[in-house]
Amino acid sequence: MGRTRFLISRTFQSILVLVIVTLITFAIFSLWPSNPALLVCGKPCTAENLARAQAYMGLDEPWYVQFWQYLSGIFTGRTFGSGADMIVCNAPCLGYSFRLNAQVSELITSRLPVTVSIAVGAAVLWLVVGVGAGIISALRRGSRTDRFIMAGTVFGVSAPTYLIGLLGILIFGFTLDMVPVAGYVPLTEDFVGWLWHLVLPWTVLAIISAAMYARLVRSDMLDNLQEDYVRTLRAQGLPERVVIGRHVMRNIALPIITFFALDFGSMLGGAVITERVFSMQGLGALLMDAVGTTDIPVIMGVTLVAAAFVVVANLIADAVATLVDPRI
């Protein structure tokens, strides 16, 4: 019952956070100095045409009415204009891009497979490599292996994403001609092609994140190995693999789960630099294009989806954490 109440409470908190994020995001872009109606005003954009465009887009209403229309549109859909020129934005309606003449939700859905492919593969790779390296480094503290791993993490933490990406393209793409350097192949069309085009982006992202996870795991594991409960377990004659695998790993799992939820949720929101370096059209590329053209509905939609990914990832992490440690 305690776990159920906790998860229900966290679910309501997550919903509240999403509503607040939606309100703040809407408020920020409502105060944006650029007027979205200028995109559909036409030329010449007279005051009369601008007023007509604002009415068509619903920008002539008070801000709280606009916010309610935006929020309700996510669940029920909404319309822009009336008569023959009416545009229907089906639920979930995250706005309508008049520049691209498409629903924001459709634009996001079309780009989502690219971002999910990058995020999932990179996350699995950095989690396995980072946690594994941290455990080995902690168990062999002071050895050459430990020093080598820690030296590698310094490079991974300090090197910018774009630099590692460009070096990877130069060495493995152009010099050795081992992997593709750009583009994306859908999983449904060619599994091998999908895998081969993502190897380098996964590796680039994994190098950076795995370095941080290795340092985190090493630090937490060394702290736990000095605790009284470890000495007690060893004194009881338990095998080292049981002490480490069943008890120490359970205690260091909670911070790993928390950080992983944040990193993975953020990654699902769009790996902006990685997508740019490898010319992949995911959410990050969609967001950057929207910023360049001041396409406010798209900017808002991607921002809200990215926030939703982080909130949902944290909610799942809380649920997993209750299984790892029921004391929560």
Side-chain angles (χ1 to χ4, degrees), residues 90 92 94 97 99-130 132 156 159-211 213 260-261 263-293 295 298-299 301-306 308-310 312-313 316:
N90 299 314
L94 296 174
S97 172
R99 184 181 69 86
L100 299 175
N101 195 29
Q103 286 189 209
V104 174
S105 55
E106 293 177 350
L107 294 171
I108 292 174
T109 302
S110 66
R111 303 292 188 97
L112 197 55
V114 178
T115 300
V116 171
S117 297
I118 295 174
V120 172
V124 172
L125 191 58
W126 87 54
L127 192 62
V128 173
V129 174
T161 304
Y162 70 88
L163 177 60
I164 297 179
L166 292 176
L167 286 175
I169 290 174
L170 177 63
I171 297 173
F172 298 102
F174 293 132
T175 304
L176 300 178
D177 194 21
M178 294 175 58
V179 293
V181 298
Y184 172 79
V185 176
L187 175 62
T188 54
E189 294 181 6
D190 182 4
F191 174 76
V192 176
W194 171 82
L195 188 67
W196 205 233
H197 279 77
L198 289 168
V199 167
L200 198 53
W202 285 345
T203 304
V204 169
L205 290 172
I207 287 175
I208 298 170
S209 297
Y213 279 73
F260 181 75
D263 292 338
F264 185 63
S266 300
M267 191 71 65
L268 285 173
V272 178
I273 297 177
T274 303
E275 290 178 13
R276 281 298 189 187
V277 170
F278 293 98
S279 300
M280 292 187 172
Q281 299 302 311
L283 291 182
L286 177 64
L287 178 61
M288 293 303 295
D289 291 339
V291 171
T293 57
D295 196 341
V298 175
I299 298 174
V302 176
T303 302
L304 291 178
V305 168
F309 280 138
V310 174
V312 172
I316 295 174

From CD1 (I171) to CG (L176), nearest 0.5 Å: 7.5 Å
Proximity of W202 and W196 rings by center, below 6.0 Å: no
Under 3.5 Å side-chain donor-acceptor pair for Q103 and S97: no
Residue pair A206 / A122: nearest heavy atoms and the distance that separates them: CB-O, 4.3 Å
Gap separating the CD1 atom of I207 from the OG1 atom of T203, nearest 0.5 angstrom: 6.5 Å
Of L287, I118, L286, the residue whose pairing with E275 passes side-chain contact (heavy atoms from CB on, under 4.5 Å): I118
Validation row: L167, F172 side chains within 4.5 angstrom (heavy atoms): no
Heavy-atom side-chain proximity of V199 to M178 below 4.5 angstrom: no
Presence of salt bridge, D289 and R99, under 4.0 angstrom: no
L283 backbone acceptor or donor facing T115 side chain under 3.5 Å: yes
Euclidean distance, E106 CD relative to L94 CG, rounded to 0.5 Å: 11.0 Å
OG-CG distance between S105 and N90, expressed to the nearest 0.5 angstrom: 8.0 Å
Beyond-backbone contact of F264 with V124, side-chain heavy atoms, under 4.5 angstrom: no
4.5 Å side-chain heavy-atom contact, F278 and T274: yes
Shortest non-hydrogen separation from I299 to V291 and the atoms involved: CD1-CA, 3.9 Å
Flag for Y184-S117: side-chain donor and acceptor within less than 3.5 Å: yes
Non-hydrogen atoms of D263 and W126 that approach each other most closely: CB-CZ2, 3.7 Å
Closest heavy-atom pair and its distance - R276, M288: NH2-CB, 3.2 Å
L187 side, atom CG; H197 side, atom NE2 - distance, nearest 0.5 Å: 13.5 Å
